[in-house]
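Reckoned from all heavy atoms, side chains included, excluding hydrogens, waters and symmetry mates.
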Amino acid sequence: MVTAASGNAPGAAVHAWKGFNRMLPSQRALFDIPREVCFLNAASWSPLPIASQEAGRAAVARKGQPWKLDAGFAAGQHERARRAAARLINADPDDVALISSVSYGVATAAKVLTVPAGTRVLVLANDHSSAVLEWMIRAPAQGFTVDVVPQPDDGDWTAAVLDAIERPGAPHIALASISSIHWSDGGAVDMARVAPALRRHGAALLVDATHAVGVVEHDVRSLDPDYLVFPTYKWLLGPYGRAFLYIAKRHQNGVPLEQTSYGRRAIASERPIYFNDIDFVSGGRRFDMGERDHFISLEMASIGMEMLAQWGRAAVEARLRMLTGRLADALRDCGVTVPDAATRAPHILSLRLPRGMPERLIERLAAKNVHVAPRVGRMRISPHVYNDEEDVDRFVATFIRLAGACAG
């Protein structure tokens, strides 16, 4: 059973389940998803849990009467969210900044890091724009090159990245700015192998962990990335516009992307001297975004992250691995290319159809209340904790009927 957090209780538990290493049961009852809806598109955006929706409605009302807010309310929300995000990646909350998006985090890293002329920045082919475009626009002026790792035919992104790092005759590698799970094909990059390979070359590592945190283990204490960034609106069951940036301590003396009063030691409107001490605060808080007081969405983000933590990452991963495995088994003889389980993420299955995507197939599936996404020539299927075996079996039956798969 679930205990929903009250709108005003920063420390309230949101779920009593303790998953440990067991497979999490379906959590469909915690979401407003009619039985006739088969939503397999968490990698685009997840539905909000009912508890988060209730918190959002309460927060709108709270913003409608701001004179009722306690003086410490905003700070409590900031730190609740910071702690929840840090817990998911085993970070010290002091090393985590409140930001708005992955692109904001990458831009922050790009302002702090110095990429020397004549070196290269490694990115993945067709990786999401957030981890790539910042370096493309900086490369001409700074004199470095953007080295694109080609999409591997066998789906093994880890081997492809390691080969690119060690490629003979290539310029010195200064940075890898890569997703740990490729957004379009669901391919997984084994960061535990990539990170030490980069360190041997003295290169920095920026991880876009959008499709990993909450499902696939990312422990910054063992991985030791320079930066790791993730939003809440997909796998963390949260709203748009809330994201978090881990900054390794070795980079925390940098100048943040925005200049804010709370990023300094003593700038306070209630004091006689406004600019009392403009030195930066220590830790990751100096990198907090401007206008971080999101009365409506910050608590919603906290609730989703707290749910994932309460369930346990391994229990969530086990459930999603079971669902994508069931999908793969059912589709294996249907004439579609199913990525090997050894190289794909446990919660994303991207199918390549032999003659390409049939016209309007995604729309025709949606008309049957079966929701998936087209991504770079593939069909991406991404279940989450609200899905069950009935959803999987319904997708398979509807897909076969509409796509003409498994015929003969």
Side-chain angles (χ1 to χ4, degrees), residues 10-11 74-114 130-131 134 175-180 191-192 194-196 198-199 202-210 212-232 235-236 238 242-265 279-290 292-294 298 301-302 304-306 308-309 313:
Q77 282 211 332
H78 301 154
E79 296 316 305
R80 178 185 179 184
R82 203 185 309 274
R83 287 193 304 269
R87 181 179 180 185
L88 294 177
I89 57 173
N90 195 26
D92 184 332
D94 290 340
D95 297 335
V96 174
L98 310 179
I99 61 171
S100 57
S101 63
V102 171
S103 57
Y104 187 105
V106 176
T108 298
K111 183 173 182 178
V112 176
L113 289 173
T114 298
S130 298
E134 185 73 32
L175 167 71
S177 177
I178 58 178
S179 295
S180 52
M191 302 309 299
V194 168
L198 289 166
R199 280 196 290 272
L205 171 61
L206 186 156
V207 182
D208 177 354
T210 295
V213 172
V215 181
V216 176
E217 184 175 12
H218 276 45
D219 184 332
V220 296
R221 296 180 194 269
S222 58
L223 183 60
D224 191 27
D226 294 85
Y227 298 89
L228 186 143
V229 60
F230 57 94
T232 67
W235 299 101
L236 300 183
R242 305 278 64 77
F244 300 89
L245 175 65
Y246 164 82
I247 310 105
K249 292 186 188 300
R250 56 187 172 271
H251 298 298
Q252 290 178 7
N253 288 327
V255 177
L257 191 62
E258 297 180 286
Q259 305 308 310
T260 64
S261 59
Y262 43 80
R264 308 304 178 101
R265 290 181 180 174
D279 284 348
F280 287 110
V281 298
S282 61
R285 288 174 178 78
R286 73 165 66 185
F287 299 98
D288 281 1
M289 64 177 290
R292 65 181 180 178
D293 296 339
H294 291 274
L298 199 55
S302 296
M305 292 187 291
E306 289 163 356
L308 268 298
R313 184 206 57 78

Checklist entry - Roughly how far apart are Leu245 CG and Asp95 CG, rounded to 0.5 Å? => result 10.5 Å
Checklist entry - Looking at Ala131 and Val106, what are the two nearest heavy atoms and their distance? => result CA-CG2, 4.2 Å
Checklist entry - What are the two closest non-hydrogen atoms of Ser302 and Arg80, and how far apart are they? => result CB-NE, 3.6 Å
Checklist entry - What pair of heavy atoms forms the shortest contact from Ser180 to Ala212, and how long is it? => result OG-CB, 3.5 Å
Checklist entry - Can any side-chain N or O of Arg286 pair as donor or acceptor with the backbone N or O of Val281 at less than 3.5 Å? => result yes
Checklist entry - Which of parallel (below 30°), tilted (30 to 60°) and perpendicular (above 60°) describes Phe230 and Phe244? => result tilted
Checklist entry - Which heavy-atom pair separates Ser100 from Ala243 by the least distance, and what is that distance? => result C-CB, 3.8 Å
Checklist entry - Do any N or O atoms from the side chain of Arg82 and from the backbone of Asp94 form a donor-acceptor pair under 3.5 angstrom? => result no
Checklist entry - Going by atom types only, do Asp288 and His78 share a side-chain donor-acceptor pair under 3.5 Å? => result no
Checklist entry - Between Ala176 and Leu198, what is the shortest heavy-atom contact and its length? => result CB-CD1, 3.6 Å
Next on the checklist: Quick check for you: to the nearest 0.5 Å, what is the distance between Leu298 atom CG and Asp293 atom CG?
Outcome noted: 8.5 Å
Next on the checklist: I want to check a possible cation-pi pair here: Arg292 against Tyr262, using under 6.0 Å from ring centre and within 45° of the ring axis as the test.
Outcome noted: yes
Checklist entry - Quick one: does Arg199's side chain have a donor or acceptor within less than 3.5 Å of a partner on Leu205's backbone? => result no
Next on the checklist: Between Arg87 and Glu306, does any side-chain N to carboxylate O distance fall below 4.0 Å?
Outcome noted: no
Checklist entry - Could you give all pairs that pass the salt bridge (Lys or Arg N to Asp or Glu O under 4.0 Å) test and reach residues 250-259, with sequence neighbours left out? => result Asp224-Arg250, Asp226-Arg250
Item to check | salt_bridge(Arg264, Asp279) N-O dist < 4.0 Å | outcome: no
